[in-house]
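One structure is given below, encoded as structure tokens.
Position 1 is the first residue of the sequence; numbering continues from there. Treat the numbers as computed from the prediction; the structure is a model and nothing was measured. Because only heavy atoms are used, hydrogens play no part in the values below, and waters and symmetry mates are left out as well, while side chains stay in.
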Amino acid sequence: MPEPLSSFDAAARIELVLVSHTNVGKTTLARTLLGQDVGEVRDAAHVTVTAESHRLLETAEGDALILWDTPGLGDSARLVRRLAGASNPIGWFLSQVWDRWTDRPFYLSQQAMRAAREHADVVLYPVNATEAPDGAGYLEAELQLLAWFDRPVLVLLNQTGLAAERGAGAAELRRWREHLRDRPGVQGVLALDAFTRSWVQEQALFDALGAHVAEDKQPGWQRLQAAWQRRNVARFSDSMRAIAAQLVAAAQIEQAVEPAAEGKAGLLSRLAGAGGGDARRERGQLALQRQLEAGRAETTRELLRLHGLLGRAEHPFLKRLDRADLVSRAPLDPVQAGLGGAIASGAATGLVADAAAGGLTLGTGALLGALAGAVAFVAGARGYNQARGVASETLRLGDAALRALLQDALLKYLAVAHFGRGRGDYEHEALPQAWVDEARVRVEGQAAQLDAVFGALRIGDLETEAARSQLESIAARLALDLLAWLYPQADVARLRREVELRPARVDGPNT
């Protein structure tokens, strides 16, 4: 049990209030941060009609982080004029209720501001990043409203879209920061898309919030921030564990190829070097493909569960297998080996016999030599197969195909981790080509280490759990490298240290 808190170190209740222009994406962002389907999301004005609070996070010590979703601001310029004409603007505002019946949108704007005034430790103000700040006609009036209530405001750039390359969106961020510099109440501008943000961006938000929480709530805030970070790191570690388990299972697949037909027809076809080998291997290849698809689907389901998402587990990132992806492990065919031995040794033995007999055997020596060679090579093939422990042909993935599977899994992780809950059920989308290229380069940079693990696992020099642990470490390092590449401002060094702790599994986004 946690130690009792001192009077100074009492449990803290910290409240964040989302306020923005109508239809900018407050409720979508609330769903993403909460990992729950709260409120209603539609492409329309004034969808949210009441201010609602939700528990975003809590600690064992009783600290609570509360997130408020509020109605969107509509005619803010009109509200500013009303307040400017009142002798006591705040008192007038808090007592005003009659607009509820005469002007519903105007009343909803008042409700949003009331929630900010009465509850907010910090106001989160999402804006549409696709708009130029000097072209958003509502912005000036809404900033005046927020300044009236003397609460720290963090502006969040929403609707930035998926970063196509390293540092994407930096120009928009600079533009908004410059425009809002020295504005009353505005304490910072961050990128946090409700649809396509990453947990490293959420961590940046928490870092920024801490500077504006009241001093008496700071101990509680630090506990909340630590809990948030532990939750994210645990989810990340569990995601990497799921990817490593998929790789281990894929590396251990040995798909049997149907044996050649028996009987006279099979014997004749094997002597001819045929036997339907291509068709049999094609069927084996398809069976192996199905096992891989099942493993990939299971990993996707686990990633969706960990991130609090629903949706389909199938995805199109990895190409179908071809022969270049596979390695065949097959026994020597005693029939074909015997035939080859008959031809090779029979000719040589026959020449010696004919020469000894003065060339009068008319090929009898060759025939006798062929029979002797066939017997010897059949026996040799059987002994070789027994020594190798290979009784039938099998197919497995080559090292290059396993590395491609890791690349696919890392891209899948990035896709899931960036998918905001407010978008609804998870759907697979094409990722920016720059992400694909960067993932390929980084995975290939670890080729020697990966291939060593795969090889040792196959021959039994590495236990399954040890191989999973090593692959988990490699996957985690690569995933953090990719996140650092995408978000150069993120404190990835701190994340690396915390990931090494390998927290226990989590059951969902708000555990």
Side-chain angles (χ1 to χ4, degrees), residues 1-20 26-39 48 50-71 111-126 146 149-154 156 187-188 190 192 194 197 199-235 306-308 420-422 498 503-511:
M1 295 180 62
E3 296 181 3
L5 302 177
S6 66
S7 57
F8 176 76
D9 198 21
R13 179 183 173 92
I14 299 171
E15 300 185 73
L16 311 176
V17 178
L18 281 164
V19 176
S20 78
K26 292 184 314 304
T27 300
T28 301
L29 181 58
R31 287 185 171 194
T32 292
L33 292 174
L34 291 164
Q36 304 175 34
D37 289 341
V38 299
T48 302
T50 59
E52 298 179 342
S53 66
H54 307 278
R55 191 171 294 268
L56 178 60
L57 190 66
E58 57 187 2
T59 68
E61 293 81 2
D63 309 297
L65 184 61
I66 307 300
L67 182 68
W68 285 82
D69 186 18
T70 66
Q111 287 295 97
M113 301 312 298
R114 180 188 293 271
R117 172 67 183 180
E118 295 181 345
H119 299 286
D121 288 284
V122 179
V123 173
L124 302 179
Y125 180 66
L146 294 173
F149 294 118
D150 193 27
R151 296 289 188 275
V153 177
L154 289 178
L156 307 179
Q187 302 298 322
L190 299 90
L192 191 70
R197 92 285 164 257
W199 61 281
V200 296
Q201 292 173 296
E202 292 179 5
Q203 191 60 48
L205 169 63
F206 267 64
D207 290 342
L209 286 169
H212 307 295
V213 171
E215 183 177 357
D216 63 329
K217 295 185 178 182
Q218 280 293 327
W221 171 254
Q222 291 171 13
R223 290 189 293 269
L224 285 164
Q225 187 176 22
W228 182 269
Q229 184 75 333
R230 284 196 301 271
R231 189 179 76 181
N232 280 331
V233 170
R235 183 183 297 119
L306 290 168
H307 290 81
R421 174 83 181 207
E498 295 179 358
R505 296 176 63 87
V506 299
D507 292 326
N510 294 309
T511 301

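Checked options D69, L192, L34; the residue passing with L29 is L192 (criterion: side chain to side chain contact (heavy atoms under 4.5 Å, CB included)).
Minimum heavy-atom separation, P126 to S20: O-CB, 3.3 Å. For A12 against G220, the heavy-atom pair with the smallest separation is CB-CA, 3.9 Å. Summarising the geometry of T70 relative to L18, their closest heavy-atom pair is OG1-O, 2.6 Å, with the distance given to 0.1 Å. For L154 against A208, the heavy-atom pair with the smallest separation is CD1-CB, 4.1 Å. When every heavy atom of D216 is checked against every heavy atom of P219, the shortest pair comes out as O-CD, 3.9 Å.
Sorted by first and then second residue, the salt bridge (Lys or Arg N to Asp or Glu O under 4.0 Å) pairs with a member in residues 204-214 read D207-R494; sequence neighbours excluded.
With sequence neighbours excluded, the residues forming a side-chain hydrogen bond (donor to acceptor under 3.5 Å, both in side chains) with E202 are R197, listed by chain and number. Not counting sequence neighbours, the partners of Q218 by the side chain to side chain contact (heavy atoms under 4.5 Å, CB included) test are V213, W221, Q222. Every residue meeting the side chain to side chain contact (heavy atoms under 4.5 Å, CB included) condition with E15, not counting sequence neighbours, appears here in chain and number order: R13, I66, W68, H119, D121. In this structure, the side chain to side chain contact (heavy atoms under 4.5 Å, CB included) partners of A204, at least two apart in sequence or on a different chain, are L190.
Here CG of L67 is found 7.0 Å from CG of L124. Values are rounded to the nearest 0.5 Å. Distance check, rounded to the nearest 0.5 Å: CD of E61 to CG of L224 gives 9.0 Å. Atoms CG and CG, on L57 and D63 in that order, are 9.0 Å from each other to the nearest 0.5 Å. A distance of 12.0 Å separates CZ of R231 from CH2 of W199, quoted to the nearest 0.5 Å. Residue L33 holds its CG atom at 5.5 Å from CH2 of W228, rounded to the nearest 0.5 Å. Atom CD of Q229 sits about 3.5 Å away from atom CD of Q203, to the nearest 0.5 Å.
Looking only at side-chain heavy atoms (C-beta outward), L156 and Y125 stay at 4.5 Å or farther from each other.
A donor-acceptor pair under 3.5 Å is formed between the side chain of R151 and the backbone N or O of A120.
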